[in-house]
Enquirer: 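This structure is in structure tokens; I'll ask about it shortly.
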Amino acid sequence: MDSLGYNCFVDQEKMEAAIQDLGPKELSCTELQELKQLARQGYWAHSHTLRAKVYQRLIRDIPCRTVTPDASVYSDIVGKIVGKHSSSSSLPLPEFVDNTQVPSYCLNARGEGAVRKILLCIANQFPDISFCPALPSMVALLLHYSLDEAECFEKACRILACNDPSRKLIDQSFLAFESSCMTFGDLVNKYCQAAHKLMVAVSEDVLQVYADWQRWLFGELPLSHFARVFDVFLVEGYKVLYRVALAILKFFHKVRAGQPPESDNVRQDIRSFVKDIAKTVSPEKLLEKAFAIRLFSRKEIQLLQMANEKVLKQKGITVKQKSVSLSKRQFVHLAVHAENFHSEIVSVKEMRDIWSWVPERFALCQPLLLFSSLQHGYSLTRFYFQCEGHEPTLLLIKTTQEEVCGAYLSTDWSERNKFGGKLGFFGTGECFVFRLQPEVQRYEWVVIKHPELTKAQSLLSPESTATPTPAGHSVSTNPADRLSPFLATRHFNLPSKTESMFMAGGNDCLIVGGGGGQALFIDGDLNHGRTGHCDTFNNQALCSENFLIAAIEVWGFQDPDTQNLGQ
């Protein structure tokens, strides 16, 4: 490793304790699939020389803007930018790193100063970067595996200048960062439900917890773990970061389950856990857990990210506010106010539990009562009239046996009119069904837990087919998919359309979930209902199989920024 500029930037004793160098290896493969496997296996993790060569090659192959600053640019500008500072360790950090400290990563004083110089030069060359707190960690790691400061600068610039729209590498604006935090919250809600439930129970603002997810990786993780994550990240991209952060949360929940919290600040507890993760979780175990999570495709996650960005833009949240971050989620304890919330079916606590399940972009909203059978009568026509123009909506049902169940429905009920009088299914994979009494259980789209279902090509023709329902109705299974914010079924290759039958409405019934049965079937008088297993949600019956309805409510999601308009 002496042939590289490694020794002058690194405290060798600390480095040898953190990452053992077992000497050189050769890497001859060029195929992406093989590189993925080698990265995940840690093939170059114990050879500083080989890791440096691999980084050089992977970063060189990143498609970049035509004019991307290189090592020679750094040599030209560093003297002018650094100026007459007596010590580079006293150099200020660019504002866009948001007070993020340079992680030590076994760097000596010269190395930490070099990171500051490189960051200032990047700020000079990338005036469009407005928020990038992950950058100090990335530069600090790259410095280990670069010949000198100039080469490290060039590598960081190539990562920042990536112009492949399908290959997201690092957030460079507050909008991108915030939407990533919201997206991470959505992914936790879907893939780490036990941990999410714990976060909801112990934190006042769960998005404040999830807003740290990049900090866990870029700064809190020990060097030995972060380097392994970065190896895979350079090969596979941004999705790896989500995977590892989800794995961290799963390990945190497992270690802390049943134990009293170390403090009254769960954000601090997680950060402490991540800093000391080497005591309980090896880099190999962390990556193994990360890749055992069966996440949706990169495309689907991009759709979710775009939906979250759209909401933030609509709220005018594109830059960080100096005094307060306006985009932070007003958590369920605040979104569902005890003093002005009243339901004949659920308590404030139960509504807060339901609110914690909804997508992040709607959790900022206040619950708005759209329809109540006790106020508006037991009429399906009136039900549609009250609900049309609102999406998403929350359906709540209370039976005469005091059972409570319902559904989160992603799409405006007016979509039913596009089927020309037929009972046709519509909606997206964000729909879910649930029961609250006698015990709480949520059932999401079956594809979320079994994404392998999307791999098979559909053998059905795109023409409408019909499926008989227990009530004898004919139901069109050709989904009228419009451009939905996330998880529209037309983004998937499903082997059977029964796995995408989310919601349907006719003049004499409404249905939630289909295929082999319905999760919920409600008659036109809103008096009788049925529930059973369906393929779309792979659910059990939500209450007694045949039930009488005591009350039905539908709640909308009211933007707190506009709730006073028109009053």
Side-chain angles (χ1 to χ4, degrees), residues 18-62 105 134 137-138 141-142 144-145 155 158-159 162 164 166-170 180 184 187-188 191-192 213-214 216-252 254 274 277-278 280-302 450-452 454-455:
I19 302 178
Q20 189 179 10
D21 188 358
L22 301 180
K25 286 183 181 178
E26 293 299 323
L27 184 69
S28 57
C29 81
T30 56
E31 295 296 324
L32 180 61
Q33 256 337 99
E34 190 177 351
L35 271 176
K36 280 184 179 182
Q37 291 305 315
L38 293 176
R40 293 184 188 187
Q41 293 165 9
Y43 181 81
W44 53 79
H46 292 290
S47 171
H48 299 318
T49 302
L50 183 58
R51 179 177 264 153
K53 290 179 180 177
V54 172
Y55 280 12
Q56 180 74 17
R57 172 179 156 187
L58 291 174
I59 294 172
R60 180 195 64 211
D61 291 341
I62 293 174
Y105 287 166
S137 296
M138 187 178 80
L141 179 65
L142 290 174
H144 286 71
Y145 302 102
K155 287 175 178 171
R158 290 195 66 82
I159 291 172
C162 175
D164 182 348
S166 67
R167 188 177 181 184
K168 178 180 178 179
L169 288 177
I170 187 169
S180 292
F184 180 70
L187 296 175
V188 174
Y191 299 105
C192 306
W213 78 276
Q214 289 194 31
W216 303 341
L217 307 178
F218 293 92
E220 308 289 3
L221 268 183
L223 175 61
S224 56
H225 290 63
F226 178 58
R228 287 292 307 278
V229 172
F230 201 78
D231 291 345
V232 187
F233 162 74
L234 280 181
V235 178
E236 301 190 39
Y238 197 91
K239 185 178 171 183
V240 168
L241 305 181
Y242 282 134
R243 284 188 174 279
V244 174
L246 290 170
I248 286 172
L249 204 56
K250 282 179 175 284
F251 278 119
F252 173 79
K254 181 179 179 181
V274 176
I277 197 170
T280 53
V281 182
S282 67
E284 290 74 24
K285 282 188 177 180
L286 182 62
L287 288 174
E288 183 181 342
K289 174 73 79 174
F291 286 101
I293 300 169
R294 300 160 85 181
L295 276 183
F296 278 132
S297 69
R298 183 183 293 107
K299 179 180 179 182
E300 290 305 317
I301 292 174
Q302 285 175 340
H450 300 283
E452 72 276 5
T454 67
K455 293 179 181 177

Enquirer: Going by the rule side-chain contact (heavy atoms from CB on, under 4.5 Å), which residues pair with Lys254 if we only count those two or more places apart in sequence or in a different chain?
Expert: none
Enquirer: Kindly give the heavy-atom pair with the smallest separation between Gly219 and Ser137, and that separation in Å.
Expert: N-OG, 3.3 Å
Enquirer: Show the nearest heavy-atom pair for residues Ala134 and Ile170, with the distance to one decimal.
Expert: CB-CD1, 4.0 Å
Enquirer: Please enumerate all residues that pass ring-ring contact (aromatic ring centres under 6.0 Å, His included) together with Tyr242, with sequence neighbours excluded.
Expert: Trp213, Tyr238
Enquirer: Can you name the nearest heavy-atom pair linking Ser224 to Ile19, along with the distance?
Expert: CA-CG1, 4.0 Å
Enquirer: Is the number of heavy atoms from other residues, nucleotides or ligands under 6.0 Å of Lys53 NZ greater than 12?
Expert: no
Enquirer: Any chance you could measure Met138, atom CE, to Phe218, atom CZ, to the nearest 0.5 Å?
Expert: 7.5 Å
Enquirer: How close do Leu286 and His225 get, heavy atom to heavy atom, and via which atoms?
Expert: CD2-CD2, 4.2 Å
Enquirer: With sequence neighbours excluded, what pairs up with Arg57 under the side chain to side chain donor-acceptor pair (under 3.5 Å) test?
Expert: none
Enquirer: Quick one: closest heavy-atom pair of Val235 and Ala39, and the distance?
Expert: CG2-CB, 4.0 Å
Enquirer: Considering only heavy atoms from C-beta outward, does the side chain of Leu241 approach that of Val229 to under 4.5 Å?
Expert: yes
Enquirer: Sequence neighbours excluded, which residues qualify as side chain to side chain donor-acceptor pair (under 3.5 Å) partners of Arg51?
Expert: Tyr145, Asp231
Enquirer: Looking at every non-hydrogen atom in both residues, tell me the closest pair between Arg167 and Leu234 and how far apart they are.
Expert: NH2-O, 3.3 Å
Enquirer: Sort out for me which residue in Ile62, Ile59, Leu58 forms a side chain to side chain contact (heavy atoms under 4.5 Å, CB included) with Lys155.
Expert: Ile59
Enquirer: Kindly compute the distance separating OG1 (Thr49) from CD (Glu26), expressed to the nearest 0.5 Å.
Expert: 10.5 Å
Enquirer: Could you pull out all residues at least two apart from Glu220 that satisfy salt bridge (charged side-chain N to carboxylate O under 4.0 Å, His left out)?
Expert: Arg271, Lys275
Enquirer: Mind checking what makes side chain to side chain donor-acceptor pair (under 3.5 Å) contact with Lys168, not counting sequence neighbours?
Expert: Asp171, Ser180
Enquirer: Is there a side-chain contact between Lys250 and Leu246, using heavy atoms and a 4.5 Å cut-off?
Expert: no
Enquirer: Could you tell me which residues satisfy salt bridge (charged side-chain N to carboxylate O under 4.0 Å, His left out) with Glu34, sequence neighbours excluded, listed by chain and number?
Expert: none
Enquirer: Using ring-ring contact (aromatic ring centres under 6.0 Å, His included) as the criterion, list what pairs up with Phe230, not counting sequence neighbours.
Expert: Tyr55, Phe226, Phe233
Enquirer: Could you give all pairs that pass the salt bridge (Lys or Arg N to Asp or Glu O under 4.0 Å) test and reach residues 280-290, with sequence neighbours left out?
Expert: Arg228-Glu284
Enquirer: Distance check, rounded to the nearest 0.5 Å: Trp216 atom CH2 versus Leu221 atom CG?
Expert: 10.5 Å
Enquirer: Not counting sequence neighbours, which residues clear ring-ring contact (aromatic ring centres under 6.0 Å, His included) with Trp44? List them please.
Expert: none
Enquirer: In chain order, what residues pass the side chain to side chain donor-acceptor pair (under 3.5 Å) check against Arg158, with sequence neighbours excluded?
Expert: none
Enquirer: Tell me, please, which residues at least two apart from Arg294 pass salt bridge (charged side-chain N to carboxylate O under 4.0 Å, His left out).
Expert: Glu452
Enquirer: Supply the atom-to-atom distance Lys239 NZ to Leu295 CG, rounded to the nearest 0.5 angstrom.
Expert: 5.5 Å
